[in-house]
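Worksheet: the structure to be examined is printed underneath.
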Amino acid sequence: MPDTHPPQVTVLMTVYNGEAYLAEAVGSVLAQDFRDFELLVVDDASTDGSPKVLHRFARQDARVRV
């Protein structure tokens, strides 16, 4: 049975048309030594490729929520 406890920390990130820097920013959060967190990213109706970048990360890492 998987561990279903809520994460100890929620990291909140907002983005609007930040595709150029988004992968680096998300990657930096995911690379932290502390592991018991979720990354909650709020996309404010971006019109660039930000949603694709975010959903790619969410598919790869269950800690990422869009």
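Residue numbers start at 1 and run along the sequence shown.
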[X] side chain near [Y] side chain, heavy-atom distance below 4.5 Å:
X	Y	answer
V26	L39	yes
H5	D36	yes
M13	L22	yes

Subject >> Between S50 and E19, a side-chain donor and acceptor under 3.5 Å >> reply: no
**OP:** Following the transitive rule for hydrophobic clusters with a side-chain heavy-atom cut-off under 4.5 Å over Ile, Leu, Val, Met, Phe, Trp and Tyr, establish whether V42 and V9 coincide in one cluster.
**Re:** no
**OP:** State plainly whether one hydrophobic cluster holds both F57 and L12, where clusters connect Ile, Leu, Val, Met, Phe, Trp and Tyr through side-chain heavy atoms under 4.5 angstrom apart.
**Re:** no
Subject >> Full working for side chain to side chain contact (heavy atoms under 4.5 Å, CB included) between V64 and L54 >> reply: CA-CA 8 Å; V64 178; L54 292 173; 5.7 Å; no
Subject >> Residues that, via side-chain heavy atoms closer than 4.5 angstrom, fall in one hydrophobic cluster with Y21 >> reply: none
Original post:
Taking only residues two or more places apart in sequence or in another chain, which ones pass side-chain hydrogen bond (donor to acceptor under 3.5 Å, both in side chains) with Q32?
Top reply: none
Subject >> Flag if over 12 foreign heavy atoms under 6.0 Å of CD, Q60 >> reply: yes
Original post:
Atom CZ of R65 and atom CG of L40: how far apart are they, to the nearest 0.5 Å?
Top reply: 5.5 Å
**OP:** Check V11 against V29 and note the closest heavy-atom contact, atom names and distance.
**Re:** CG1-CG1, 4.2 Å
Subject >> Over all atoms of both residues, closest heavy-atom pair of V15 and S46 >> reply: O-OG, 3.9 Å
**OP:** State whether the side chain of R35 and the backbone N or O of L30 hold a donor-acceptor pair below 3.5 Å, judged by distance alone.
**Re:** yes
